[in-house]
Amino acid sequence: MAASLKTPDLAEEFLLEDFNLIGRSQDATIRLTDNGVSRQHATIRRDGRLYWLADLGSANGSFVNEVAISTARALRHGDRLQFGTSVFVFDNDDSDHTRDLSSQTQVLRTVALPVKTVKATLLVGDLRNFTQISSQLTAEEVAAMLREWYADCEAILKPRGAIIDKFIGDGVFAYWPSNDEESRARATEAARLLSMPETSISPTRKWLRDNLGTEVYCHVGLNVGEVALGAMGRGVNTAVGEAVNVTFRIESLTRKLQVPVLASAAFVQTWSAGVQHFTPAGIHPVKGQPEPVEVYALANAAHVS
């Protein structure tokens with residue numbers, strides 16, 4: 001039996017596919033008529049045995065167990081999801097073998113999960129002008145665009161040794177579990193490819209280019225630093241730490257500075273070949289950081305208008 005979303009009274013059920021677009025649009029995978037729901041509100045994406053919920057910048061947000069999500073969230077059996085005033089319960093058949101476990105056993109297992117601190121190379125990518133592009137598309141076309149962009153990310157990142165931590169709606173977070181020069185070189189190459197419009201010739205990108213004059217590519221932030229790496233909950237592996245937060249902030253600076261790829265000073269200055277690939281882009285305040293951040297722009301990358 002597939003995973004599904006069910007209304008609390010069990011009157012309605014939506015079986016989940018590998019990729020599901022939730023919204024008010026007529027051709028959304030899961031269509032909701034609630035006025036508090038955006039046309040393209042959120043996605044649920046299957047990755048192995050896990051289903052990840054990500055908000056797509058909706059007006060009213062997406063909630064899991066009454067908490068608004070700001071990044072992709074791995075769903076667990078019994079989670080309560082809310083979009084606008086529409087409420088669902090997540091039912092996952094793969095979780096059947098865990099349903100009868102006592103809470104004490106679950107706590108003991110969570111405590112025993114291995115977590116270690118490592119020096120890592122971090123990459124955050126985010127689709128350029130996603131909100132503007134998606135407003136011109138049907139929900140089905142948005143879903144197709146995201147599916148193919150996810151495939152592009154995997155084709156670029158995985159062969160270069162990256163671990164894709166998660167897709168976050170129109171964004172991706174990946175890391176290399178080392179901050180050595182080879183990892184930085186691979187991350188730089190991946191960032192350059194992700195930021196270039198001509199990287200993919202997928203049917204959806206070609207249609208967007210030919211019919212809307214729109215190229216699909218992304219902004220990228222790069223950083224190095226210590227992260228806590230391992231299982232943060234049953235079945236959920238991720239990298240967390242202040243260095244991750246800074247990487248997201250660096251990516252957001254690309255819009256302000258109108259450059260496609262930015263890297264932290266830590267990424268560039270402690271890499272002997274870094275000065276060959278990057279040029280200084282100044283020191284800038286970023287949200288959530290007490291001190292401004294020095295950043296460098298990737299040389300010869302596609303200009304972001």
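Computed over heavy atoms, backbone and side chain alike; hydrogens, waters and symmetry mates excluded.
Put simply, the side chain of Arg184 never gets that close to the backbone of Val268: no donor and acceptor are under 3.5 Å apart. In this structure, the side chain of Asn179 does not engage the main chain of Lys119 through any donor-acceptor pair within 3.5 Å. Side chain of Asp180 to backbone of Ser183: a donor-acceptor contact under 3.5 angstrom is found. The main-chain N or O of Ile250 is never found under 3.5 Å from a side-chain atom of Thr254 such that the two would form a donor-acceptor pair. Under the 3.5 Å distance criterion, the side-chain polar atoms of Asn65 are left unmatched by any main-chain donor or acceptor of Asp79. Without hydrogens or angle criteria, Arg45 side chain to Ala54 main chain gives no donor-acceptor distance under 3.5 Å. With hydrogens and angles ignored, the 3.5 Å screen pairs no side-chain donor or acceptor of Asn20 with any backbone N or O of Thr29. Remark: side-chain polar atoms of Ser195 are not paired, donor with acceptor, to backbone N or O of Val261 under 3.5 angstrom. In terms of modelled atom types and a separation under 3.5 Å, the side chain of Ser4 and the main chain of Leu15 share no donor-acceptor contact. Without hydrogens or angle criteria, Asp55 side chain to Ser58 main chain gives a donor-acceptor distance under 3.5 Å.
Note that CG of Asp170 and CG of Leu127 are 5.5 Å apart. Values are rounded to the nearest 0.5 Å. Summarising the geometry, atom OH belonging to Tyr51 is positioned 10.0 Å from atom CD belonging to Glu17; distances are rounded to the nearest 0.5 Å. To the nearest 0.5 Å, atoms CG (Leu157) and CG (Leu194) are separated by 5.5 Å. Asp91 contributes atom CG, which lies 7.0 Å from atom CD of Glu13 (distance to the nearest 0.5 angstrom). For the atom pair OG1 of Thr43 and NE2 of His41, the computed distance is 11.0 Å after rounding to the nearest 0.5 Å. Residue Ser38 holds its OG atom at 6.5 Å from CG of Asn60, rounded to the nearest 0.5 Å.
Residues passing the ring pair (Phe, Tyr, Trp, His ring centres under 6.0 Å) test with Phe88 are Phe14, sequence neighbours excluded. Scored by the ring pair (Phe, Tyr, Trp, His ring centres under 6.0 Å) test, Phe267 finds Trp271, Phe278 as partners (sequence neighbours excluded). With sequence neighbours excluded, the residues satisfying side-chain hydrogen bond (donor to acceptor under 3.5 Å, both in side chains) with Asp126 are Arg255. Not a single salt bridge (Lys or Arg N to Asp or Glu O under 4.0 Å) links Glu294 to another residue, sequence neighbours left out. Residues satisfying the side-chain hydrogen bond (donor to acceptor under 3.5 Å, both in side chains) test with Arg39, not counting sequence neighbours, are none.
No more than 12 heavy atoms of other residues, nucleotides or ligands shown are found within 6.0 angstrom of CD on Gln26.
The hydrophobic clustering, which links ILVMFWY residues whose side-chain heavy atoms are closer than 4.5 Å, places Phe19 and Val142 together. In terms of hydrophobic clustering, with Ile, Leu, Val, Met, Phe, Trp and Tyr side chains grouped at heavy-atom distances under 4.5 Å, Val246 and Leu257 are assigned to a common cluster. Hydrophobic clustering (ILVMFWY, side-chain heavy atoms < 4.5 Å, transitive): Leu123 and Tyr150 are in one cluster. By the criterion of side-chain heavy atoms lying less than 4.5 angstrom apart, applied directly or through intervening Ile, Leu, Val, Met, Phe, Trp or Tyr residues, Leu16 is grouped together with Ile69 in one hydrophobic cluster. By the criterion of side-chain heavy atoms lying less than 4.5 angstrom apart, applied directly or through intervening Ile, Leu, Val, Met, Phe, Trp or Tyr residues, Ile163 is grouped together with Val118 in one hydrophobic cluster.
Pairs passing the side-chain hydrogen bond (donor to acceptor under 3.5 Å, both in side chains) check and including a residue from residues 274-291, sequence neighbours excluded, read Glu242-Gln289.
The shortest side-chain heavy-atom distance between Leu50 and Asn92 does not fall under the 4.5 Å cut-off. Counting only heavy atoms from C-beta outward, the side chains of Leu32 and Ile22 approach each other to under 4.5 Å. Counting only heavy atoms from C-beta outward, the side chains of Leu253 and Val286 approach each other to under 4.5 Å. Side-chain contact between Arg80 and Val87: present, with at least one pair of heavy atoms (C-beta onward) separated by less than 4.5 Å. In this structure the side chain of Pro260 never reaches within 4.5 angstrom of the side chain of His219, judged on heavy atoms. Two residues are said to be in side-chain contact when any heavy atoms from C-beta on lie closer than 4.5 Å; Glu154 and Trp149 fail this criterion. Under the 4.5 Å side-chain criterion, counting only non-hydrogen atoms from C-beta, Ile44 is in contact with Leu81. Considering only heavy atoms from C-beta on, Trp52 stays 4.5 Å or farther from Leu75 through its side chain.
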Gln40 vs Leu21, test: side chain to side chain contact (heavy atoms under 4.5 Å, CB included). Steps then yes/no.
CA-CA 7 Å; Gln40 289 101 28; Leu21 184 64; 4.0 Å; yes
Checking Lys158 against Ile164 for the side chain to side chain contact (heavy atoms under 4.5 Å, CB included) test, could you report, in this order, the C-alpha distance in whole Å, the side-chain angles of both residues, the deciding distance, and whether it holds?
CA-CA 8 Å; Lys158 288 185 176 180; Ile164 297 178; 4.1 Å; yes
Using the rule given for side chain to side chain contact (heavy atoms under 4.5 Å, CB included), can you reason through Ile156 versus Arg160, listing the C-alpha separation, both sets of side-chain angles and the distance that settles it, and then say yes or no?
CA-CA 7 Å; Ile156 290 170; Arg160 290 166 178 81; 4.2 Å; yes
Does the pair Thr117 and Glu226 meet the rule for a side-chain hydrogen bond (donor to acceptor under 3.5 Å, both in side chains), with working shown?
CA-CA 6 Å; Thr117 299; Glu226 289 191 343; 5.7 Å; no
Run Ile30 and Leu5 through side chain to side chain contact (heavy atoms under 4.5 Å, CB included) and show every step you take.
CA-CA 10 Å; Ile30 299 175; Leu5 297 185; 4.0 Å; yes
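Each of Tyr175, Phe248, Trp176 was compared with Leu122 under the side-chain contact (heavy atoms from CB on, under 4.5 Å) criterion, and only Tyr175 meets it.
Closest heavy-atom contact between Gln269 and Tyr296: NE2-OH, 2.9 Å. When all heavy atoms of Gly125 and Cys218 are compared, the pair lying nearest together is CA-SG, 4.4 Å. Contact detail for Phe83 and Ala42: the closest heavy-atom pair is CE2-CB, 4.1 Å. Between Ser178 and Thr121, the shortest heavy-atom contact is O-OG1, 2.7 Å. Nearest heavy atom pair, residue Leu222 against residue Ala191, reads CD1-CB, 4.0 Å. Minimum interatomic distance between Met196 and Arg192 (heavy atoms only, all atoms of both residues): CG-O, 2.9 Å.
Lys6 has no carboxylate O lying under 4.0 Å from a charged side-chain N of Glu12, or vice versa, which leaves the two without a salt bridge.
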